[in-house]
Novice: 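Encoded as structure tokens, here's the structure I'll be asking about.
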Amino acid sequence: MRRALRWHGKVDQGTAGRVTGRGRRGRKLVRWGAPAIAAVAVAGCATATAQVGRTPVAGGVATYALPPVTVPTYIFPFISPAYFSIVNTDNLQYLMYRPLYWYGEGAEPFLNKQLSLAKPATYHGNVVTIQLKHFMWSNDTPVSAADVVFWLNMMKAEKDNWGGYVPGGMPDNVTSYRAVSPTEVQLVLNTSTFSHTWFAYNELSQITPMPLRWDVTASGKSDCATQESACPAVYQYLNSKATAPTGSPATWPGSPLWSVVDGPWKLTGYNSQGVFTYQFNTAYSGPVAKYHITTFKEVPFTSEEAEYNVLQAQGSNTLDVGYLPTVDASVPEPGQEVGQNPVSGYQLQALYTWGLSFFPYNYDPADPLAPVFKQLYFRTAFQDLMNQEEIIQGPLHGYGKLTTSVVGDFPRTKYLSKTARAGDPFPYNPVEASHLLVEHGWVLPTPTQPNKVAYCAHAALCGSGVATGTTLNITVDYANGLAWLEAELLQLKANAAQLGMHLSLVPMTFQDVINRTVGDCGASGKDPCPWELDDWGSPGWSYSPDFLPTGDEIFETHSVANLGHYNNAKNDRLIAATLKSSQLSLMWTWEDYLTRHLPVVLQPDAPYQLVESINNLQIGVQNPTLSITPEQWYYVR
């Protein structure tokens, strides 16, 4: 979950980090220069109706459809798990506040040196040196080493409020840091044995320089940029200005705080319908195409169907960039990424997330079924009931990718093991699922009692903590607004019913699912909720800001984004090895081990969106990290 929660669900209030939700964790466009963008746009969009001219036009307004029941709700880049979502980071914060390192180039989720604020870090033993490039804040001050130290101080003081925090990772593994000069930062780590790739992709990737204008409290200027002890008060103040009621979205445009940006966009408008309006930041000092749009609007929708109605109408409320609901998509021909486009005047491309598609079990004692979920035989039996192939061919209309391991399958990278590349290790197999349950002491329905709920008849066989008489009545909370997800869960419910598992499906808003998963059921707002299975959609997590799929963020014991509280000492040891060395065999060993242990329910990787873009707007190939760069979009005539 991205950022972990880089939630990949569609959000109604922030947070999947990076759970992917739609809204993980769970981001980038093609390279600079109008001719290059145009070429990639044509190649990347499988279906285009009428061709238009290719003469670039400067300026213009592009209207963009937000995912269903999903709106940005948190503007401060130091974002807590409850708001750690794609819509808050990619659709809001990244437009205005650039992370130190940018990931995503074309169709690949790798380091983008051109858009990064700093040059690639250099390593000497346990010393990491960062050299900043020349970027400016919109208040005419440079993005400096002090801005990076400001973030690091905040991270040290408020790590539990950082959605990407993993115990033992940054900031715990940094013993000291300092601004060597206005453009150079030096970090000293607690070890010289670590993977440089991991540190670049999963640790430095978390840093977003913060302007010194933000180093304030309600009383005035503060010293968080120089003193860690001052940061809690600064955090409390900035957090209050980022959340309702004092920091609701209506207060953000024109705010003295949030108007100081180093990215290419400024938030200039928000209306009662929830439309966000951005204007191009003319002070942006990063690379800019000669021709680009100058106004960008994000429009919310209550469902995929509501968005599709507007997309098809093409009237006064025309969308320039929207999405085709999977249930309305034509099945692609063999070898094609997309089918025939039913929307005239638009180009269609399938966008998949660099992430992992899953939904978690709750292993916390607050869940009465936690002892059952802790049994590997049960998790294997339950996974055997997930018919990924049928879901892809049915509700997903031929779109989607198999999820074959605890590392993302798409785009295919060197991190996916040979075993995972061989296909689904848990194909639909209700016979095996039945045998596993019976062998472990469960009594299943008979032909004469088809509606009977399975129960544990022999506690000694059912597993530690599972009492005799325990029944398989399981509640699944899921995010509404996605027809394919509901169809998937109804199919899973029917498959499970054959074995006496009674699934109660409870539709909620994306944010309500996330709130229950993160835990917000006590008077203090910190007591865990007694949820059992929570599904906010696909993918469950986007790899951002941890772009290397090492597993420490979502599967390591005590990680903030380990939402189900999975605990496996060997898994922790294998993950630790992937952080110490870039040797791929260590990644594959961990991956194959944890996949066999099924800490979560693997589900098909649905496309994040089937992106529809109007023919005369060139948007290029959308990147699987899900960050968008509308400053590279341009109209043609």
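Bear in mind that the values here come from a model prediction, so they are computed numbers and not experimental data.
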Novice: Determine whether the aromatic ring centres of W536 and F359 lie less than 6.0 Å apart.
Specialist: no
Novice: Between the side chains of D367 and W531, does any donor sit under 3.5 Å from an acceptor?
Specialist: no
Novice: More than 12 heavy atoms of other residues, nucleotides or ligands under 6.0 Å from NZ of K119: yes or no?
Specialist: no
Novice: Sub-3.5 Å donor-acceptor pair from the side chain of R379 to the main-chain atoms of H597, do we have one?
Specialist: yes
Novice: For E184 and I130: C-alpha separation, side-chain torsions, deciding distance, then whether side chain to side chain contact (heavy atoms under 4.5 Å, CB included) applies.
Specialist: CA-CA 6 Å; E184 185 176 312; I130 300 166; over 6 Å; no
Novice: So, S138 versus D262: side-chain donor-acceptor pair below 3.5 Å or not?
Specialist: no
Novice: Does the side chain of K580 reach to within under 4.5 Å of the side chain of S195, using non-hydrogen atoms?
Specialist: no
Novice: Measure from the side-chain N and O atoms of T246 to the backbone N and O of S240, and report whether any donor-acceptor pair falls under 3.5 Å.
Specialist: yes
Novice: Hey, are D535 and Q603 close enough side-chain-wise for a donor-acceptor pair under 3.5 Å?
Specialist: yes
Novice: Just by distance, with hydrogens left out, do T403 and D605 show a side-chain donor and acceptor under 3.5 Å apart?
Specialist: no
Novice: Measure from the side-chain N and O atoms of T629 to the backbone N and O of Q632, and report whether any donor-acceptor pair falls under 3.5 Å.
Specialist: no
Novice: Sort out for me which residue in V406, T404, T419 forms a side-chain contact (heavy atoms from CB on, under 4.5 Å) with T595.
Specialist: V406
Novice: Give me the atom names and distance for the closest heavy-atom approach of P264 to L95.
Specialist: CD-O, 3.3 Å
Novice: Indicate yes or no for a side-chain donor-acceptor contact from N126 to the backbone of L189 under 3.5 Å, with no hydrogens or angles considered.
Specialist: yes
Novice: Assess whether side chain to side chain contact (heavy atoms under 4.5 Å, CB included) is satisfied between V188 and S176, documenting all intermediate values.
Specialist: CA-CA 5 Å; V188 179; S176 66; 3.4 Å; yes
Novice: Are the side chains of Y103 and N112 in touch, meaning some heavy atoms are under 4.5 Å apart?
Specialist: no
Novice: Can you name the one residue among D147, L212, N281 that meets side-chain contact (heavy atoms from CB on, under 4.5 Å) with W137?
Specialist: D147
Novice: Compute the ring centroids of W265 and Y284, then answer whether they are less than 6.0 Å apart.
Specialist: no
Novice: Roughly how far, to the nearest 0.5 Å, is the CG atom of L548 from the CG atom of N202?
Specialist: 5.0 Å
Novice: How long is the straight-line distance from CG of D364 back to CG of N362, given to the nearest 0.5 Å?
Specialist: 5.5 Å
Novice: Ignoring hydrogens and geometry, is there a side-chain-to-backbone donor-acceptor pair from E591 to S405 under 3.5 Å?
Specialist: no
Novice: Pairing donors with acceptors under 3.5 angstrom, does anything connect the side chains of N562 and E553?
Specialist: no
Novice: Backbone N or O of T578 within a donor-acceptor pair of the S581 side chain at under 3.5 Å?
Specialist: no
Novice: Salt bridge or not for K414 and E108, using N-O below 4.0 Å?
Specialist: no
Novice: Evaluate the ring planes of Y201 and F110, with Trp represented by its six-membered ring, and classify them as parallel (under 30°), tilted (30 to 60°) or perpendicular (over 60°).
Specialist: perpendicular
Novice: Any heavy-atom pair between the side chains of D215 and F150 that's under 4.5 Å?
Specialist: yes
Novice: On the 0 to 90° scale, with breaks at 30° and 60°, tag the W590-F555 ring pair as parallel, tilted or perpendicular.
Specialist: tilted
Novice: Look only at the side chain of S285 and the backbone of M136, and say whether a donor-acceptor pair between them is shorter than 3.5 Å.
Specialist: yes
Novice: Which heavy atom of L204 sits nearest a heavy atom of A121, and at what distance?
Specialist: CD1-CB, 3.6 Å
Novice: Report the C-alpha separation of W151 and F78 in whole Å, then their side-chain angles, then the decisive distance to 0.1 Å, and conclude whether the ring-ring contact (aromatic ring centres under 6.0 Å, His included) test is met.
Specialist: CA-CA 8 Å; W151 174 276; F78 195 89; 5.1 Å; yes
Novice: Any idea which heavy atoms bring P81 and D160 closest together, and the distance?
Specialist: CD-O, 4.3 Å
Novice: Donor-acceptor check, side chain of W354 to backbone of F547, threshold 3.5 angstrom: yes or no?
Specialist: yes
Novice: Between H196 and Y123, is the gap from one ring center to the other below 6.0 Å?
Specialist: yes
Novice: In this structure, which one of W214, F76, W102 forms a ring-ring contact (aromatic ring centres under 6.0 Å, His included) with Y97?
Specialist: W214
Novice: So which atom in F135 and which in S116 form the shortest heavy-atom distance, rounded to 0.1 Å?
Specialist: CE1-O, 3.7 Å
Novice: Would you call S357 and K401 a side-chain contact if the rule is heavy atoms closer than 4.5 Å?
Specialist: no
Novice: Tell me yes or no: between the side chains of N568 and Y593, is some donor less than 3.5 Å from an acceptor?
Specialist: yes
Novice: Are E203 and V128 packed together at the side-chain level, in the sense that at least one heavy-atom pair is separated by less than 4.5 angstrom?
Specialist: no
Novice: Dump the intermediate steps for side-chain hydrogen bond (donor to acceptor under 3.5 Å, both in side chains) on T175 and N190, then the final yes or no.
Specialist: CA-CA 6 Å; T175 59; N190 59 9; over 6 Å; no
Novice: Hey, would you say the F199 and F194 ring centroids sit under 6.0 Å apart?
Specialist: yes
Novice: Hey, mind stepping through L356 and Y543 against side chain to side chain contact (heavy atoms under 4.5 Å, CB included) and telling me if it holds?
Specialist: CA-CA 8 Å; L356 180 63; Y543 295 124; 3.7 Å; yes
Novice: What's the separation between atom CG in L416 and atom OG1 in T413, rounded to the nearest 0.5 Å?
Specialist: 6.5 Å
Novice: Can you confirm whether L117 sits close enough to Y101 that some side-chain heavy atom of one is under 4.5 Å from a side-chain heavy atom of the other?
Specialist: no
Novice: Output the distance between atom CE (M154) and atom NZ (K156), rounded to the nearest 0.5 Å.
Specialist: 15.0 Å
Novice: For the NZ atom of K133 and the CG atom of L100, what is their distance to the nearest 0.5 Å?
Specialist: 10.0 Å
Novice: Do you see a donor-acceptor pair shorter than 3.5 Å between the side chains of D592 and S417?
Specialist: yes
Novice: Keeping N623 on the side-chain end and G106 on the backbone end, is there a donor-acceptor pair under 3.5 Å?
Specialist: yes
Novice: Are the side chains of P287 and L115 in contact, using a 4.5 Å heavy-atom criterion?
Specialist: yes
Novice: Taking all heavy atoms of Y165 and all of S559, pick out the closest pair and write down the distance.
Specialist: O-OG, 4.1 Å
Novice: For side chain to side chain contact (heavy atoms under 4.5 Å, CB included), just list the numbers for L187 and M170, CA-CA rounded to whole Å, side-chain angles, deciding distance to a tenth of an Å, and then say yes or no.
Specialist: CA-CA 11 Å; L187 290 74; M170 187 177 281; 4.0 Å; yes
Novice: Kindly give the heavy-atom pair with the smallest separation between A242 and I75, and that separation in Å.
Specialist: CB-CG2, 4.0 Å
Novice: Could you check K266, E298, E631 and say which one makes a side-chain hydrogen bond (donor to acceptor under 3.5 Å, both in side chains) with Y278?
Specialist: E298
Novice: Between K159 and D172, does any NZ, NE, NH1 or NH2 come within less than 4.0 Å of an OD or OE carboxylate oxygen?
Specialist: yes
Novice: Just how far is it from atom OG of S85 to atom CD1 of I79, taken to the nearest 0.5 Å?
Specialist: 5.5 Å
Novice: For residues 228-239, tabulate all N or O donor-acceptor pairs below 3.5 Å that involve a side-chain atom, not counting sequence neighbours.
Specialist:
{"residue": "N239", "atom": "OD1", "partner": "Y74", "partner atom": "OH", "Å": "2.7"}

Novice: Is the closest side-chain heavy-atom distance between T129 and V185 below 4.5 Å?
Specialist: no
